[in-house]
Trainee: 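Okay, handing you the structure first.
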Amino acid sequence: MEIRLDGKRALVTGGNSGIGEAIARELAKAGAKVAINYVSHPEAAEKIIQDIKNDGGEAISLHGDISDPTIVEHIFNQIDDTWGGIDILVNNAGVDGVKSDGWEADINDWRQVININLMGSFYCARQALKRMVSQSNGVILSTSSVHEVIAWTGHSAYTTSKAGMSMLTKTLAQEAAPYNVRVLALAPGAIKTTINQDVWNNQQGLNDLLEKIPLHRIGEPDEVAKMAVVLVSDVASYVTGRTIFVDGGMTDYPDFAHGG
Ligand code: BGC
């Protein structure tokens, strides 16, 4: 079965690196027009756009910090101006923040993680839904994490933001379903990107991580991206309001392979 998204207009936030980049490239391969939002490294965004164009696709880059609702509105207006609307939003921009136990966490760091991961996703979803509800068509897919269900010492802002994203997904899905708009989340486990480079780049960190993954390997960004394409396509036309885990079994709690 070949999945096609020809003519669909997509925005990927944080689309110039890691999982976001992989999703942007995979959407374009399936025929979607892709707007790549980014905050830093414009050259990375330009390179992806050029690659997509060289392959015969359509892509634009949109600079802007999605934790600011005014900037988000501007980003969506730019997409309207270019393509006349939007069909797919991939809420992907996110940070994991400074590692710190909750009682020592800097409040501004904590707030920033929530502002980007949760508030930013909401601002984008809000703009997308205004448009999708009125056209009675569209899909929102947010990049969550296994840490929407697995606690993670030192990362209370991150885990809280992702748990919030799960309920945001469910509630927006319920609200938008009568308008033929699906709202989903995708929860990667340990995927090889710069966000967790410190861990997979040192042997001890890597061994520790692999013990947490039943498939016993780190995932590749394109393994997440391919699932993203499935979820935003009509192949998943009856799936909404759920988080789909792409985690090599991490949320299967491999410690329970023995004892209990
Ligand atoms: C984090 C990664 C981490 C993975 C598994 C992700 O949400 O961004 O840094 O390796 O969860 O713990």
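These numbers come from a predicted model, not from an experiment. Counting starts at 1 for both ligands and their atoms, following the listed order.
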Trainee: In residues 249-260, what donor-acceptor pairs under 3.5 Å come from side-chain atoms, sequence neighbours left out?
Mentor:
unit_1	atom_1	unit_2	atom_2	d
T251	OG1	D247	OD2	2.5

Trainee: So which protein heavy atom does atom 3 (C) of ligand 1 come closest to, and at what separation?
Mentor: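 Answer, as residue, atom name and distance: W152 CH2, 4.0 Å.
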Trainee: What is the nearest protein non-hydrogen atom to atom 11 (O) of ligand 1, stated with its residue, atom name and distance?
Mentor: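 Ranking protein heavy atoms by distance from atom 11 (O) of ligand 1, first comes H147 CD2, 3.3 Å.
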Trainee: Identify the heavy atoms of V12 and G20 that sit nearest to each other, and give their distance.
Mentor: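 Between these two residues, the closest heavy atoms are CG1-O, 3.6 Å.
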Trainee: Hey, which atoms in ligand 1 end up nearer than 4.0 Å to a heavy atom of I195?
Mentor: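 This gives 8 (O), 9 (O) as the contact atoms.
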Trainee: Which pair of non-hydrogen atoms, one from G248 and one from P214, has the smallest distance, and what is that distance?
Mentor: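 Scanning both residues completely, I find the closest heavy atoms to be O-CD, 3.4 Å.
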Trainee: What residues form a ring-ring contact (aromatic ring centres under 6.0 Å, His included) with Y158, not counting sequence neighbours?
Mentor: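 Expected list: W152.
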Trainee: Can you tell me the protein heavy atom closest to atom 4 (C) of ligand 1 and the distance?
Mentor: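 Going by distance alone, atom 4 (C) of ligand 1 is nearest to G189 O, 3.6 Å.
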Trainee: Quick one: does Y158 get within less than 4.0 Å of ligand 1, heavy atoms only?
Mentor: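 Contact present.
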Trainee: Between D87, D80, D81, which is the residue that forms a salt bridge (charged side-chain N to carboxylate O under 4.0 Å, His left out) with R9?
Mentor: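 It is D87; the other options fail the test.
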Trainee: Which pair of heavy atoms, one from H216 and one from L210, lies closest together, and at what distance?
Mentor: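 The answer is ND1-O, 3.2 Å.
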Trainee: Please identify which atoms of ligand 1 are closer than 4.0 Å to at least one heavy atom of S145.
Mentor: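 Those qualifying, in numeric order: 6 (C), 7 (O), 11 (O).
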Trainee: Could you identify the single nearest non-hydrogen protein atom to atom 9 (O) of ligand 1 and state the distance to 0.1 Å?
Mentor: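 Of every protein heavy atom, N196 CB, 3.4 Å lies nearest to atom 9 (O) of ligand 1.
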Trainee: Quick one: does V199 get within less than 4.0 Å of ligand 1, heavy atoms only?
Mentor: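 Contact check V199 vs ligand 1: negative.
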